[in-house]
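To keep things clear, I will list the structure first and then write my remarks on it.
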Protein chains: 2
Amino acid sequence: MAEQKKFVESITPRDQDFTQWYTDVCIQADLIAYSNLKGFMVIKPAGYAIWENCQKELDRRFKETGVQNVYMPLLIPENLMKKEGELVNGFAPEVAWVTSGGTEPLTERLCVRPTSETLFSDFFAQDVHSYRDLPRLYNQWCSVVRWEKETRPFLRSREFLWQEGHTIHETAKEAEERTQQMLNVYADFLSQELAIPTIKGQKTDKEKFAGAEATYTVEALMHDGRALQSGTSHYFGSKFAEAYDIKVAGRDNKEQYVYQTSWGMTTRIIGALIMVHGDDSGIILPPHIAPIQVMIIPIQQRKEGVLETAAKIAESLSEYRVKVDDSDRSPGYKFSAQEVSGIPLRIEIGPKDIAAGKAVIVRRDTREKIECAIDELPAKVGEELERMQKEMLERAEKHLEAHTFAAHNTEEFEENFKGTKGFVKAMWCGDPACEEKIKEKYNVTSRCIPFEQEHLSDVCVCCGRPAKKMVYWGRAY
Amino acid sequence: MAEQKKFVESITPRDQDFTQWYTDVCIQADLIAYSNLKGFMVIKPAGYAIWENCQKELDRRFKETGVQNVYMPLLIPENLMKKEGELVNGFAPEVAWVTSGGTEPLTERLCVRPTSETLFSDFFAQDVHSYRDLPRLYNQWCSVVRWEKETRPFLRSREFLWQEGHTIHETAKEAEERTQQMLNVYADFLSQELAIPTIKGQKTDKEKFAGAEATYTVEALMHDGRALQSGTSHYFGSKFAEAYDIKVAGRDNKEQYVYQTSWGMTTRIIGALIMVHGDDSGIILPPHIAPIQVMIIPIQQRKEGVLETAAKIAESLSEYRVKVDDSDRSPGYKFSAQEVSGIPLRIEIGPKDIAAGKAVIVRRDTREKIECAIDELPAKVGEELERMQKEMLERAEKHLEAHTFAAHNTEEFEENFKGTKGFVKAMWCGDPACEEKIKEKYNVTSRCIPFEQEHLSDVCVCCGRPAKKMVYWGRAY
């Protein structure tokens, strides 16, 4: 018990201090360690294994839509970076510059990639010649560097891992469709694998990606009511094509510029996973993404037959990701370890269970205990994993619904941001000045103009002029 | 035929100019493109897919030995880099330095990782406390930067992709065993998946990794008789542990330093793959690693039933990595495209074949044509892929054997490096001065002291003093 207590005491209760709870959980669940360098973290095995599963699921989905993986250089010459003005202006304050290579200073500074539109554009310009070469549907898995001032594990760090997709197309329509398609891939992945429901929509001009004509986003709601941008998809029109001269001979034999997209998802989604599903005992991993789905914990493991039975059970569950904790620790310690690291199911098996031919399954999220005959475990475990996956999504959906508020007028808008935490839907005139004013006054940002529009009133909650769109507002990470 | 010719003409014959052939093939097989920045290349889909398969096969093998993946920062503070003197001296001439982040100059330069011993060591120092925490068996997949002067695609570039394994252990013996174990993993992977036989051995002190007590290597022989270091595994003893203070409480309750290893394999092996197996028509991919194993090429595809049959055949071969080339191009063009990109088998299927209920399988390496009943294709394709894999390894083994020469005395040693191309085995006194002398005189380097020693004579081929070891010599890439 003493050992078990140690684990619990080291995590700040979630409702007492969510920020501290988050940090505690990242450390206690062994996901990361801080490095010597501010804003750069070490992703430890338990954290990286989650990312590997995310990669596997995303990569499969990308490839099903015809996307191919490539690799672009880490460093970008300054003059190449500067060809498209908006992008460079957007990223200039937060890039890291390499100024010497080997023993000599460089004649031109090189930027450590903060994103690779410039490199892909430069490459596309030499890669395509005819409309027959289109579309090009490329993606890369890599790390990027952005010199953020405030940093937090997974959520905002100076280096993060991600995938960045870059595609070029013959027509604007096709490119726009691809932008939507990839946003749907993200939403589907988040909901089906991470059990995270999202709001799909378009960013306002103020919040869109530097250089994009349109940015689409999937916005998730954390347990504490804050919003997290969880994946974005950008439509560039021909802006980069013009800056980097990406031209092809069209169907009419005339030269034409291509239409371009990019879309990215980062290790930040591990932060979302923690903040949507975690509790006071640690993280809770949805079964589909959990690196270990079932931890078998032998009770009185020195008694004859216990470890053998645990091993046999593990073998019978080989279609799942299963492990036996046969370390020297006490069962209590093992329970805590399994709980803090969010392993969906544990199976307790001791001499009495063996005598009765049964075992106990304990669900991480509900702590529900389910007795099960040993030979029925394979079917039961599969059932429970799927049930847990489904119920985690349902709970997250309910939380999202319960923390989304409609503001029909200015008073309701104000009221919502004082008393409650979550998304507030409200009508907007479309003027960036109102957006700015709301941001300053309530410390909230526009999250998106959702695809599913509602008509809450005729006028903007800020200025009272005629409303054009309904917007989701929230406090972001 | 005109189209087919175009392909063939664009590749310089291998025996006319091997270096040019290599570059031609990298470009024609669509593996890479040159970027705007010297020494940094774009790895295109066909090249990256090969790397993905290598990653999959290596990663599986690593995990089977208990290794876990992690991720360490891209940038290394200068003072951290400097803690171990030999490593920093070894790498100082070839690192890139970041000197500003965001809008401000940094107070301390940051080095773009050329390798991550320093970061892992710094992390291990905080990560382990007791011998019970050992071993730690970590690996990361990432890119590194080394400011090479001469660069060539895959073989030597300023940025390359690799995996770097880093482990710490309680005892020297265990660490040394791990070093050997991972070398064996590399040798097994190269031989079983890439069909590349290697010589396993130890590097001389002159050629070992900066900071290592011992470096082990797998050395492969290219078609032109040059040697390629294809994977290395290092034993560090406690050198880094002392520099970075990686201590644990030992079994006797006293503090002790840990024992450390690292081991790496890079995208360079794609270069090896090309240079061991390729021919005048392009690259040849061993079936186990080929992203596409079978290309089905319909003949007279506009005739009724041809494309349908091709699709049906593809479906029947779904256990393999199979594709149908149903583009508008002529069959001749498609044959060339399949050949240049090294796809192991092609299946030709036209109206006459369909009428006869058969298809023609053509092997990429031997160009052997095999008639096969359509409904027997699934079994036959599996057989042919395995036969090709096996024969490619056998051919490479024969080539290695035929190009490995034993020099029993100085004359034979000289003779071999004049007249022939390949490895020369010869006795060595162990004095680095002789190693240096041989290097200068014959423009060859010691590749390794092979584990399988032979006794070729009693004296060193250089100085005539008593010999200690047999060494493999060769010209390297």
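Note that the structure is a prediction, hence the values are computed from the model and not measured. So you know, we letter chains A, B, ... as the sequences are listed, proteins then strands, and number each from 1.
Contacts of B:D59 with chain A are made by side-chain atoms alone, with heavy-atom separations under 4.5 Å and no backbone atom involved. For A:L119, no part lies near chain B; criterion is any non-hydrogen pair under 4.5 Å. Of the atoms belonging to B:K56, not a single heavy atom falls under 4.5 Å from chain A. For A:L74, the parts lying near chain B are the backbone and the side chain together; criterion is any non-hydrogen pair under 4.5 Å. For B:V42, the parts sitting under 4.5 Å from any heavy atom of chain A are the backbone and the side chain alike. Residue B:N139: no heavy atom, backbone or side chain, is found under 4.5 Å from chain A. Heavy atoms of B:E159 lying under 4.5 Å from chain A belong exclusively to its side chain. With a threshold of 4.5 angstrom between heavy atoms, B:R146 does not approach chain A through any atom at all. Contacts between B:N69 and chain A at a heavy-atom distance below 4.5 Å involve backbone atoms as well as side-chain atoms. Proximity to chain A is limited to the side chain of B:P77, based on heavy atoms less than 4.5 angstrom apart. Residue B:L75 touches chain A through both its backbone and its side chain, counting heavy-atom pairs closer than 4.5 Å. With a 4.5 angstrom heavy-atom cutoff, B:E104 does not touch chain A via any of its atoms. Interface remark: B:Q140 contributes no atoms to any contact with chain A (heavy atom separation under 4.5 Å). Contacts of B:L161 with chain A are made by side-chain atoms alone, with heavy-atom separations under 4.5 Å and no backbone atom involved. Heavy-atom distances place the side chain of A:Q126, and not its backbone, under 4.5 Å from chain B.
Within a 6.0 Å sphere centred on NZ of A:K63, heavy atoms belonging to other residues, nucleotides or ligands number more than 12. The neighbour count for A:K149 NZ, taken as heavy atoms of other residues, nucleotides or ligands under 6.0 Å away, does not exceed 12.
Note that CZ of A:F120 and OG1 of A:T115 are 9.0 Å apart. Values are rounded to the nearest 0.5 Å. Here A:M265 contributes atom CE and A:E164 contributes atom CD; the two are 14.5 Å apart, rounded to the nearest 0.5 Å.
Contacts with chain B were tallied for A:T99, A:L110, A:T103; A:T99 has the most, counting heavy-atom pairs under 4.5 Å. Between chain A and the options B:I76, B:V112, B:L37, heavy-atom pairs under 4.5 Å are most frequent for B:L37. Among A:D122, A:I43, A:N36, A:D127, the residue making the largest number of heavy-atom pairs under 4.5 Å with chain B is A:I43. The residue among A:A33, A:S100, A:A49, A:A96 with the most heavy atom pairs within less than 4.5 Å of chain B is A:S100. Comparing A:S35, A:P45, A:S327 by heavy-atom pairs within less than 4.5 Å of chain B, the highest count is held by A:P45. When the candidates B:M72, B:E108, B:E52 are compared by the number of heavy-atom contacts under 4.5 Å with chain A, B:E52 comes out ahead.
Classification of A:E148 and A:R158 as a salt-bridged pair fails, no side-chain N sitting under 4.0 Å from a carboxylate O. Between A:R132 and B:D328, none of the side-chain N atoms (NZ, or NE/NH1/NH2) sits under 4.0 Å from a carboxylate O, so this pair counts as no salt bridge. A salt bridge links A:E57 and A:R61; the closest N-O separation between the charged side-chain nitrogens and carboxylate oxygens is under 4.0 Å.
Counting only N and O atoms by type, the side chains of B:Y244 and B:T118 include no donor and acceptor under 3.5 Å apart. At a cut-off of 3.5 Å, with distance as the only test, no side-chain donor of A:S157 or A:R268 sits close to an acceptor on the other residue.
For A:F154 and A:W162, the ring centers are positioned 6.0 Å apart or more.
A tilted orientation is assigned to the rings of A:F123 and A:Y138, their planes being inclined by 30° to 60°.
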Subject >> Evaluation steps, ring-ring contact (aromatic ring centres under 6.0 Å, His included), between B:W147 and B:F40 >> reply: CA-CA 10 Å; B:W147 223 256; B:F40 288 75; 5.8 Å; yes
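A side chain to side chain contact (heavy atoms under 4.5 Å, CB included) with A:C111 holds for exactly one of A:L80, A:V145, A:V95; it is A:V95.
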